[in-house]
Amino acid sequence: MKNIFTILLLAASLSLHAQKQQPVKIVFEIRPEVNYVTHLYTLAELGFSDLAYAAKYGNTLPQAAIDTLKKYKEYLTFAQGENGPLSWFFFRVAQETFDDADALKAVMDGYREEALRLGVPADEMAIPTAIANVYVENFDHYLKNVYPQVKADMEERRQLLNQKMQQQSFVKDWERVTGYKWNRGDYHWLLYRAGQKGPSYNNLNDSTNTVWYNQDIDYQLVMFSHEFGIFLMQDSISPIYEEMKEYTRKLESDLDLTYVPWSAFESLACWYNCKIAGKATADYHAFGEADVETFCRIFDRLSNDGISDPAELYRKGIMEYLK
């Protein structure tokens, strides 16, 4: 009886181990919510632009709605790790699921109630309320008259990307070069049709990212690896990132150094991506505003000195850069 119990226990343990060892799936999805927010951001020119899209769908959003969003542009836009105070309208809505405008309104009402509970004065709710009204009042029209065609536009690309991803090994590659392990389950990419030019590759949560659907395929594959690396390193680097943002704000300098923590993180992802590929990858050349070349030279030097932990490389890389 004891032997049978031991065998059963071993079998259960092996089964659990097998479940834990299931390969991570990288999946590409088409959902209306992220397409809706990029639709609004593109037509109102809130850091996104897409001439072909605007020509095709520009008449699907009332001018009054566009004017409202443009009026509050400084609150809504985001880039290089610096977000406007109401940029959550992009990120929160993009990561949710809503069947219709009523469902979206219920969530918006919940945000408002939460803000009031936290002590935000009622008279300061006028701006977010105006923005929320634009989101809610135009959602059903979007679902009926825009999204079906948008989804059809992206379907072929989604299938191609899912096929391409089966040929990639960047989960194992990144785990090997960083020493970190991915433990967040499947990794999701949400494709969007609007906003060809804009802040693409936006993190929505710990395992979900967004991307404009029709970028050059080779560049896109490099960037998928880059962004996965950002997610993999995020837990260890995010606290240092926030610490360094505060540190750079306090430095006396004629230069604005607050971009440095963002620059260092993107550069570190480029540096590892180059190590994985054994050559300079497309992201290395695409992040010129992050001063990737200088940071990569610093990371090379620190690595040669025996520093291998990504978080330590990041912190010391910033301090070396600031010298």
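Note that the structure is a prediction, hence the values are computed from the model and not measured.
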*asked:* Rounded at 0.5 Å granularity, tell me how far CE in Met108 sits from CD in Glu96.
replied: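 The CD atom of Glu96 is 9.5 Å from CE of Met108, to the nearest 0.5 Å.
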Are [X] and [Y] side-chain neighbours, meaning at least one heavy-atom pair lies under 4.5 Å?
| X | Y | value |
| --- | --- | --- |
| Phe89 | Pro128 | yes |
| Trp271 | Phe295 | no |
| Asn133 | Thr129 | yes |

* To do: Might you work through the salt bridge (Lys or Arg N to Asp or Glu O under 4.0 Å) test for Arg297 and Glu293, ending with a clear yes or no?
  => CA-CA 6 Å; Arg297 285 199 300 268; Glu293 186 176 349; 3.4 Å; yes
- Item | Full working for ring-ring contact (aromatic ring centres under 6.0 Å, His included) between Phe78 and Phe91 | CA-CA 10 Å; Phe78 55 92; Phe91 294 98; 4.7 Å; yes
When the ring planes of Phe139 and Tyr142 are compared, do they come out parallel, tilted or perpendicular, using 30° and 60° as the limits?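 Phe139 vs Tyr142 ring planes: parallel.
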Residues Arg315 and Glu243 bridged, charged N to O under 4.0 Å:
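So Arg315 pairs with Glu243 through a salt bridge.
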NZ/NE/NH1/NH2 to OD/OE distance under 4.0 Å, Asp102 and Lys105
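No, this pair does not count.
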| Where do Asp153 and Lys56 land on the salt bridge (Lys or Arg N to Asp or Glu O under 4.0 Å) test, with the steps shown first? | CA-CA 12 Å; Asp153 289 346; Lys56 189 171 184 178; 3.8 Å; yes
Would you say the ring centroid of Trp189 lies under 6.0 angstrom from that of Tyr201?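 Here the rings of Tyr201 and Trp189 have centres that are less than 6.0 Å from each other.
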Counting the benzene-type ring for Trp, do His39 and Tyr53 have ring centres under 6.0 Å apart?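 Aromatic pair counts; centres sit under 6.0 Å.
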request  = Going by the side chain to side chain contact (heavy atoms under 4.5 Å, CB included) test, name the single residue among Val27, Asn205, Leu204, Thr210 that passes it with His188.
outcome  =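 Testing each of Val27, Asn205, Leu204, Thr210 against His188, the sole residue satisfying side chain to side chain contact (heavy atoms under 4.5 Å, CB included) is Val27.
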Quiz item: So is Arg184 actually on top of Phe231's ring, under 6.0 Å and inside 45° of the axis?
Solution: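 Relative to the ring axis of Phe231, which defines the angle, Arg184 lies outside at least one limit.
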